[in-house]
Amino acid sequence: MTKWYDNAIIYQVYPRSFQDSNNDGLGDLRGVIQRLDYIKALGVNTIWLNPVFTSPQVDNGYDVSNYYTIDPKFGDMATMTELIDKAHALGLHVLLDFVLNHTSDKHPWFQDALKSPNSLFRDYYIWEKTTNGLPPDNWGSFFGGSVWAEHPSEPGSYYFHLFDQHMPDLNWKNPEVREAMIEVAKFWVEKGVDGLRLDAFIHIAKGNLHQNYPTDSDEPVVAEPMFANLPNVVTYLQEFVQELRKINPNLYILGEGASADPNLAALYTRPVAGSALCDAIVSFRNLPKQARPQTKVEQQWHLRQQEKLDLAALPDSIVTWQTVLAQTTEPVLYFSNHDMPRMATVYADPEAQEQSLKTLATMLYLQKGAPIIYYGEELGLTNVELTRFAAFQDNTVAALKDQVPAAEQSAVLKDLSQTHKTAARQVMPWDDTPNQGFSKHEPWLRVKGKQTSVAEQEQDSDSVLNFYRSLLRLKQTALFMKGDFCLLNSPAKTIVFTRELNGKVGLVLTNLSAQSVAVSLPDLSLGKPELAVGHWQITDSELQLAPWSSAVFMTEHFDN
Ligand code: NOJ
């Protein structure tokens, strides 16, 4: 049976950066309401909101202290209800970011758990004791340091945190925790949200907490096999999802499986007892990446290396994701999100910035699967330059301030701005007024210089924004939503594929390089392309594609 989300085209809204309605420098839900028409006109049908629950904002809302309330910074429950209603009236679905692996340390459960080992909520979290003055194991947190933090007044007693130490992990072994999280989720499903993005769900089961992870290092190590994708994830999730689907059988569950490969994504989307755990999986392994040669600054200060698309590995990756998921779901098609540098910074060709972005989008979003467009991507926004170490809001980066000599700080900041997630979370540039129409107040993230804006791009028929609108119009058609996918053999650094439905074929040809290329064509008369980027020309049985050019033709079945 067809579900609404079989045709999902998702727009990711990072609420603190989208539109500030009360001029405090921070985006909010009323701001999102004000921009619903813009979102609708882009051609998407679903909005994913990053977390808006009450939170001390240690990790921009991923540290929840009350799941039943909206953080006053973003609005209130009435505004949230209004947003859901108004989105629905426009035919837009709403997905909430649901943080279930951990809470904030300010959550009343954790506050109570801290009070005494006998607290009724102690076992809501993961505690271990040691007598040697060391944490129970050598596992490292994703945010640096050990996964263990010592109780402030109980020496030798440690709680577990996979992310920041202010984000203790919930103990999903405890049936009361499982029930409590189901109750929270039910509350939101009953409020009318259409789906949940399950944050970090692959970590809700942990391995033996006293098993050190084999390493030569004395430092804690991120030990994924000990806390990712363990079999109990499926057990816990099954119960959670089944309960929610009793309320809304069409609830869309988008699981964030950062390290999931195609087989794991298939496992999580396979029906168990008649119902899939997740409907789709967002993996950070969706596109093959390759480190660029290290810059001097990266080498000297051990900074993260910049990455690019691994074009040689791309065809294999596309075919593998499409094939492995074919029986359970469809791939999630995205370039970047709030945890990554922006697509235009990582993948675009600086010599052909806009054209390369349009061709990349054609290559990815016309494949079979659900696109997720990170707000501002449709303008071709790049990472912004942050000029203070503190602006990155990252302890590891903050520590650099005291290490890097003053003369070198600007080079380090420039490099960091290319790779860091915070530099990809800038406020949305709506127009050319001060603060670019985001707010009358200085935005929460100060950036150097102005960015291209929605207003500017609306005037330009050739803008990235107008291209995205045309591309998504094509994506919305049954052919590009439902059609079978087939990758064709094509020269290096090109991606060529068909989508086929009821004898109708969409032929997509993309040149992802700065060189012209000739792609051999099937023996068909192709006519004018439905959509094109750059320059193309048909000669004999070949399509000549200029650098970073692409073309989409409508045709009929052919043997490839
Ligand atoms: C994944 C989210 O996308 C990221 O921003 C967050 O820091 C972690 N989960 C922890 O919730």
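Start at 1 and go down the list; that is how both ligands and their atoms are numbered.
For the pair Arg197 and Asp97, the salt-bridge criterion is met [side-chain N within less than 4.0 Å of a carboxylate O]. Remark: Arg292 does not engage Glu307 in a salt bridge, criterion side-chain N to carboxylate O under 4.0 Å. Salt bridge absent: Arg16 and Asp28 never bring a charged side-chain N and a carboxylate O closer than 4.0 Å.
For ligand 1, the atoms closer than 4.0 angstrom to any heavy atom of Glu256 are 1 (C), 3 (O). Those atoms of ligand 1 that come under 4.0 Å of a heavy atom in Phe143, given as number and element, are 7 (O). In the vicinity of His102, heavy-atom distances shorter than 4.0 Å reach the ligand 1 atoms 10 (C), 11 (O). Ligand 1 places these atoms under 4.0 Å from at least one heavy atom of Asp59: 6 (C), 7 (O), 10 (C).
For atom 8 (C) of ligand 1, the nearest protein heavy atom (residue, atom name, distance) is Phe163 CE2, 3.6 Å. Closest protein heavy atom to atom 9 (N) of ligand 1: Asp199 OD1, 2.8 Å. What sits closest to atom 5 (O) of ligand 1 on the protein, heavy atoms only, is Asp339 OD1, 2.7 Å.
Aromatic ring centres of Phe335 and Tyr374 lie farther apart than the 6.0 Å criterion allows. The six-membered or imidazole ring of Phe18 lies near that of Trp430, with a centre-to-centre distance under 6.0 Å. Side-chain rings of Tyr68 and Trp188 stay apart, their centers remaining 6.0 Å or farther from each other.
Residue contacts with ligand 1, taken as heavy atom pairs separated by less than 4.0 Å, involve Arg197 solely via side-chain atoms from C-beta onward. Neither the backbone nor the side chain of Lys421 comes within contact range of ligand 1; no heavy atom lies under 4.0 Å.
At least one cation-pi condition fails for Arg122 and Trp109: the charged atom is not both under 6.0 angstrom from the six-membered ring centre and inside a 45 degree cone around its axis.
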